[in-house]
Amino acid sequence: MAIHKSTPAVDGVQTFKLPDVGEGLVEAELLTWYVKPGDTVADGQMICEIETAKAVVELPCPFAGTVRELLAAEGETVEVGSAIITVDDGTGGSGGGDSTDGAAAGGAEEPEEREKPLVGYGEKATSTQRRARRRPAPSGPVSAPPPKLTEPAPANTPGVMAAPAGPEPASGRPLAKPPVRKLAKDLGVDLATVTPTGKGGIVTREDVHAAVGAEQAPSPAAAAPEAAPATTPDRTAREVRVPVKGVRKHTAAAMVNSAFTAPHVTEFLQVDVTRTMKAVARLRERPDFADVKVSPLLLVAKALLMAVRRHPEVNASWDEENQEIVVKNYVNLGIAAATERGLVVPNIKDADSQTLPELAASLKALTETARSGRTSPADMSGGTITVTNVGVFGVDAGTPIINPGEAAILAFGQIRDMPWVHKGELKIRKVTTLSLSFDHRLVDGELGSKVLRDIGTALEDPELTALAWG
């Protein structure tokens with residue numbers, strides 16, 4: 001359960017520590033501050049955006065008052081339990097000391113306290129231990145939001161524009177989706193200076209790129225083109241180093257663990273999906289699918305669910321501690337999604353109990369949430385079997401790595417026109433390749449082959465299969 005931690009007020013100053021917003025996460029990257037020193041905040045107001053190993057999350061302030069100090073800079077990786085902001089709640093005297101003055105030092109334990117939770121959860125009493133505070137690179141309090149530069153710069157650096165003192169949006173920041181915010185951060189663009197063109201005043205990717213183009217355009221009076229600003233990534237460099245953190249770091253660790261823990265076996269099957277493509281076209285015309293996207297992936301997912309129903313042993317996990325195979329009587333269907341933050345695998349809870357229109361709606365919601373960078377840690381936990389669509393990249397097949405804690409993953413390749421023997425004659429048909437990777441501790445060759453063959457059968461004749469298998 002995600003809990004917001006705070007320390008007892010010292011002279012009316014509350015300290016907010018970075019909480020664990022996932023399941024045992026140890027750190028997060030602070031993406032954006034929505035407030036600055038001197039701002040007034042309300043209890044429950046969103047004050048910053050962080051990126052954990054699983055998702056982008058907004059943090060609400062657990063108390064009301066005036067922001068006194070930001071203890072972490074944008075772009076800094078902060079350990080869970082470290083102080084990130086202090087707020088003067090107005091209950092103390094004149095103050096004047098640092099918010100941590102008078103607190104126990106060197107890891108001494110503090111008295112039992114109450115932790116403020118995320119909205120919707122109850123309170124929990126706990127005893128915490130104080131950690132050394134991590135400070136941003138520049139010394140002293142942060143008096144204004146850090147400039148979006150590749151290197152820290154003093155507040156009086158020429159060319160660094162101060163934050164406007166005029167009115168701001170109600171949220172205290174420009175409107176933009178997390179991937180767009182990350183793009184702006186990488187390119188060194190201050191979103192407050194970007195003119196939004198998206199619906200409802202939202203800054204789009206195109207707006208950010210346009211702002212970069214405007215910044216790089218030479219002045220009419222310039223005698224010669226100026227060098228690109230230091231904040232613009234050097235596309236001509238022979239090497240580019242990209243920090244591995246957030247979702248990419250989590251995915252890398254999980255894939256390495258899976259590849260070297262579970263003995264992988266991959267089988268392939270070419271399938272004539274001409275009838276599946278015709279079924280997709282007919283479903284798109286039905287009223288109950290009017291508000292959802294009907295794609296071949298929908299019928300591939302349904303075929304996998306039918307195969308799992310016929311062979312439940314493939315929907316299992318390996319319990320190393322108890323040396324047991326745990327067969328799941330429910331299917332949380334994972335859908336691998338490539339996003340700007342890296343690969344994420346959210347899952348549809350109890351997908352096996354959903355009708356085809358319900359499954360289509362769930363797929364739409366899942367993909368839209370993933371692409372916006374708002375997939376929650378809960379949506380990415382508890383998966384039981386996964387499907388990945390590599391065909392969207394123009395790829396025929398691959399050997400996908402099993403999602404940790406699962407027994408199998410199905411890869412769905414591109415659909416191509418190919419010569420195929422159909423009813424004794426050579427014809428051009430719609431053909432795809434299916435790849436099923438499975439954990440050989442849980443799934444032997446016979447079971448894996450039966451599962452793959454059933455998926456193929458369901459795609460060769462989806463209507464007849466649905467009638468025969470339910």
Side-chain angles (χ1 to χ4, degrees), residues 53-56 178-179 247-248 250-251 254-255 258 266 273 276 280 283 289 291-309 314-315 317 328 330-395 397-415 432-438 451-452 455 458-459 462:
K54 295 185 177 182
V56 172
V247 169
R248 191 174 298 276
H250 172 74
T251 301
M255 292 299 100
S258 176
T266 304
V273 293
T276 286
V280 167
L283 287 172
F289 290 92
D291 298 327
V292 296
K293 179 181 179 181
V294 178
S295 68
L297 178 62
L298 172 62
L299 296 190
V300 171
K302 188 63 176 180
L304 176 58
L305 292 171
M306 287 193 291
V308 169
R309 183 182 302 170
V314 76
N315 188 52
S317 62
K328 313 294 177 60
Y330 57 92
V331 181
N332 290 345
L333 181 62
I335 305 294
T339 72
E340 294 188 12
R341 297 174 51 241
L343 179 70
V344 297
V345 190
N347 59 80
I348 301 171
K349 310 299 184 187
D350 297 312
D352 54 320
S353 64
Q354 296 187 3
T355 64
L356 195 60
E358 291 172 342
L359 186 61
S362 296
L363 271 172
K364 178 183 177 183
L366 178 147
T367 54
E368 288 179 350
T369 301
R371 287 170 183 166
S372 69
R374 290 296 176 185
T375 302
S376 69
D379 289 336
M380 288 191 285
S381 62
T384 63
I385 196 166
T386 295
V387 58
T388 178
N389 183 6
V390 298
V392 296
F393 307 113
V395 174
T399 55
I401 297 178
I402 303 165
N403 205 35
E406 301 177 11
I409 179 172
L410 175 71
F412 167 43
Q414 67 171 325
I415 298 173
T432 191
T433 301
L434 303 174
S435 313
L436 183 71
S437 291
F438 49 88
V451 170
L452 187 57
I455 297 170
L459 294 174

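Computation of the quantities below employed the complete heavy-atom set of this structure, encompassing side-chain atoms and omitting hydrogens, waters and symmetry-equivalent molecules. Note that the coordinates shown come from a computational prediction; the quantities given were computed from them, not determined experimentally.
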Measure across [X] and [Y] and return the closest heavy-atom pair with its distance rounded to 0.1 Å.
X: Gln354; Y: Ser362; value: OE1-OG, 2.9 Å
X: Thr266; Y: Thr399; value: OG1-CB, 3.8 Å
X: Leu343; Y: Ala338; value: CD1-N, 4.3 Å
X: Ala370; Y: Val344; value: CB-CG2, 4.1 Å
X: Leu283; Y: Leu356; value: CD1-CD2, 3.9 Å
X: Glu406; Y: Thr386; value: OE1-OG1, 2.8 Å

Taking C-beta and beyond as the side chain, do [X] and [Y] meet within less than 4.5 Å on heavy atoms?
X: Asp379; Y: Leu366; answer: no
X: Pro346; Y: Thr369; answer: no
X: Ile335; Y: Asn347; answer: no
X: Phe438; Y: Val314; answer: no
X: Ile409; Y: Ile401; answer: no
X: Asp350; Y: Val331; answer: no

Side-chain donor or acceptor of [X] paired with backbone N/O of [Y] under 3.5 Å:
X: Thr384; Y: Asn332; answer: yes
X: Ser437; Y: Pro400; answer: yes
X: Lys364; Y: Asp291; answer: yes
X: Asp352; Y: Leu305; answer: no

Among Leu333, Ile348, Val294, Val292, side-chain contact (heavy atoms from CB on, under 4.5 Å) partner for Leu363: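 Only one of Leu333, Ile348, Val294, Val292 forms a side-chain contact (heavy atoms from CB on, under 4.5 Å) with Leu363, namely Ile348.
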Distance (rounded to the nearest 0.5 Å) between Thr433 OG1 and Ile415 CD1: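 One finds 10.5 Å between OG1 of Thr433 and CD1 of Ile415.
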What distance separates Ile455 CD1 from Leu436 CG, expressed to the nearest 0.5 Å?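 If we round to the nearest 0.5 Å, Ile455:CD1 and Leu436:CG are 6.0 Å apart.
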For the pair Phe412 and Leu434, evaluate side-chain contact (heavy atoms from CB on, under 4.5 Å) and give the outcome as yes or no after the intermediate values. CA-CA 5 Å; Phe412 167 43; Leu434 303 174; 4.1 Å; yes
